[in-house]
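Okay, structure first, notes after.
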Amino acid sequence: MEEALALAGMDLRCIVRTWFFISDILEWYREFNSVRTEIYRARGLFDRYLPASTGIGGRNPDDAAVVATALAMQGKGDDVVVKQIPSPLQCSARDYGSSFSRAAEVSTPDFRSVFVSGTASVDKDGRTAHVGDVDAQVKLTLEIVGAILQSRGMQFADITRANAYFKHPGDARALSEYGSQFGLPAARVVVSHNDICRAELLFEIEVDAVRPDRNS
């Protein structure tokens, strides 16, 4: 990532959002978090803002341990602002050793974009909620996402892209039911089969949302 960013005159501090597909996330997530924190600290990200992120299970044809991608931005003036956004219904991910923000917001003179990190059924104390109950996990997760959007003056109708991850493919029907209740635009959601970062988590979702204003 650093090498690619350098080609554009940027560095890790310009990253707004990341995706990490970890081939054996249930075994390696602790070590992954430790290394990410070490790199972020060394590069000064904690002095600025932490990117939003998704860390999810995902194998690849090359059998690489991790496949990653990132969205980076560099404003040409002071009227472009990037900041991390907390979750009204969750603790900071840093409280349990994971170095990412619950969401990141990019404000420009014309619009605001909110990138909500991969979000799952994790309560205010950082514990998994509703173990074994996929319906309850989906419902709580959407409530958490909705609270983040609402805190930025947005709603589910403002979502432009979403990725939903299920540990068990047969559980995907739960998203249809609760997504409809919350107003999640079904045509903007991609559903896939992935391990989540904890064995007891059955569902995770990430969303992007946009509003044509920059009201705070």
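Sequence positions, counted from 1, serve as the residue numbers for this chain.
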[Y] and [X] side chains, donor-acceptor separation under 3.5 Å:
| X | Y | result |
| --- | --- | --- |
| D110 | T108 | no |
| R36 | N33 | yes |
| S98 | Y29 | yes |
| T160 | D208 | no |

Test item: [X] and [Y] side chains (from C-beta on) under 4.5 Å apart, heavy atoms:
| X | Y | answer |
| --- | --- | --- |
| Y96 | V122 | yes |
| L184 | L175 | yes |
| M73 | V80 | no |
| T54 | S117 | no |

With respect to S121, which candidate in H130, E143, R127 satisfies the side-chain contact (heavy atoms from CB on, under 4.5 Å) definition?
->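 Only one option passes, and that is H130.
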Quick one: which of L149, I159, V210 gives a side-chain contact (heavy atoms from CB on, under 4.5 Å) with M154?
->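 It is L149; the other options fail the test.
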Of the non-hydrogen atoms in [X] and [Y], which two are nearest, and what is the gap between them?
| X | Y | result |
| --- | --- | --- |
| P109 | D79 | CG-OD2, 3.2 Å |
| I85 | S151 | CG2-OG, 4.2 Å |
| G153 | R211 | O-NE, 3.8 Å |
| N194 | G58 | ND2-CA, 4.2 Å |
| G9 | Q74 | O-NE2, 3.7 Å |
| I196 | I25 | O-CG2, 3.7 Å |

Drop me the distance from [X]'s [atom1] to [Y]'s [atom2], to the nearest 0.5 angstrom.
| X | Y | atom1 | atom2 | result |
| --- | --- | --- | --- | --- |
| L142 | Y178 | CG | OH | 10.0 Å |
| D135 | F203 | CG | CZ | 11.0 Å |
| L50 | R102 | CG | CZ | 11.5 Å |
| Q84 | S92 | CD | OG | 7.5 Å |
| L201 | T128 | CG | OG1 | 4.0 Å |
| L45 | C14 | CG | SG | 9.5 Å |

Salt bridge present between E204 and K167 (N-O < 4.0 angstrom) |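 Salt bridge: no.
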Using a cut-off of 6.0 Å, state whether more than 12 heavy atoms not belonging to [X] lie near its atom [atom1].
| X | atom1 | value |
| --- | --- | --- |
| Q150 | CD | no |
| R43 | CZ | yes |
| R30 | CZ | no |

How are the rings of Y40 and F46 set to each other: parallel, tilted or perpendicular (split at 30° and 60°)?
->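 Ring orientation, 0 to 90° scale: perpendicular.
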Can you list the steps and then say if S53 with T18 is a side-chain hydrogen bond (donor to acceptor under 3.5 Å, both in side chains)?
-> CA-CA 5 Å; S53 189; T18 58; 2.6 Å; yes
Would a hydrophobic clustering, with Ile, Leu, Val, Met, Phe, Trp and Tyr connected at side-chain separations under 4.5 Å, put [X] with [Y]?
| X | Y | answer |
| --- | --- | --- |
| I15 | F32 | yes |
| V131 | V134 | no |
| L71 | Y49 | yes |
| F115 | I144 | no |
| V138 | V145 | yes |

Indicate yes or no for a side-chain donor-acceptor contact from [X] to the backbone of [Y] under 3.5 Å, with no hydrogens or angles considered.
| X | Y | value |
| --- | --- | --- |
| S34 | E31 | no |
| Q137 | L202 | yes |
| D62 | A64 | no |
| T69 | W19 | no |
| E105 | R112 | no |
| R152 | V114 | no |

